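Following: one structure in structure tokens, then a few remarks.
For the single chain, residues carry numbers from 1 onward in sequence order. Keep in mind the model is a prediction, meaning the values are calculated, not measured. Scope of the values below: all heavy atoms of this structure, side chains included, with no hydrogens, waters or symmetry mates.
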Amino acid sequence: MTEPSSHSRRVEIEYCTQCRWLPRAAWLAQELLTTFETELTELALKPGKGGIFVVRVDDEIVWDRREQGFPEPTAVKQAVRDRVAPGKSLGHSDK
């Protein structure tokens, strides 16, 4: 299997351990890994505190719960796609 590009494509989901948001973060991670199995080089779950739930691509915030609410998987997939594979069709997830 070959990588589509030489660029690192790292996704990080930082979630609040105090709020018990690990299951939500893990589920979202599974959705992203399934959708972008050849485009991502790494996906990390990062424990945090204080109500945090932030999704980053290569250190750029693409979703912040404090500003945008909890994400629907489709919205996060679109935000990640726009950064790692702009031409990729998400099938039924695209509007």
Next item on the list: Could you tell me which non-hydrogen atom of Leu32 sits nearest to which non-hydrogen atom of Leu40, and how far apart they are?
Entry: O-CD1, 4.1 Å
Margin query: Looking at every non-hydrogen atom in both residues, tell me the closest pair between Ala26 and Leu45 and how far apart they are.
Written below: CA-CD1, 4.2 Å
Item checked: Set of residues satisfying salt bridge (Lys or Arg N to Asp or Glu O under 4.0 Å) with respect to Glu72, sequence neighbours excluded -> none
Next item on the list: List for me each residue that meets side chain to side chain donor-acceptor pair (under 3.5 Å) alongside Glu42, sequence neighbours excluded, and say none if there are none.
Entry: Arg10
Notebook entry, point to check: Looking only at heavy atoms, which two atoms of Gly51 and Cys19 are closest? And how far apart?
Noted result: CA-SG, 3.9 Å
Checklist line | Closest non-hydrogen atom pair between Gly50 and Cys16, with its separation | finding: N-SG, 3.7 Å
Margin query: My understanding is that a hydrophobic cluster links ILVMFWY residues whose side chain heavy atoms are under 4.5 Å apart, including indirect links. Using that, what else belongs to the cluster containing Ile61?
Written below: Ile52, Val54
Notebook entry, point to check: Phe53: what forms a ring-ring contact (aromatic ring centres under 6.0 Å, His included) with it, not counting sequence neighbours?
Noted result: Phe70
Checklist line | Pairs satisfying side-chain hydrogen bond (donor to acceptor under 3.5 Å, both in side chains), at least one member in residues 16-30, at least two apart | finding: none
Item checked: Of all pairs that satisfy side-chain hydrogen bond (donor to acceptor under 3.5 Å, both in side chains), the ones with a partner from residues 48-64, not counting sequence neighbours -> Arg9-Asp58, Glu12-Arg56, Glu14-Arg56, Glu60-Arg83
Notebook entry, point to check: What closest approach, in Å, do Ala29 and Leu43 show between heavy atoms, and which atom pair accounts for it?
Noted result: CB-CD2, 3.4 Å
Check: Rounded to the nearest 0.5 Å, how far does NZ of Lys77 lie from CG of Leu28?
Finding: 9.0 Å
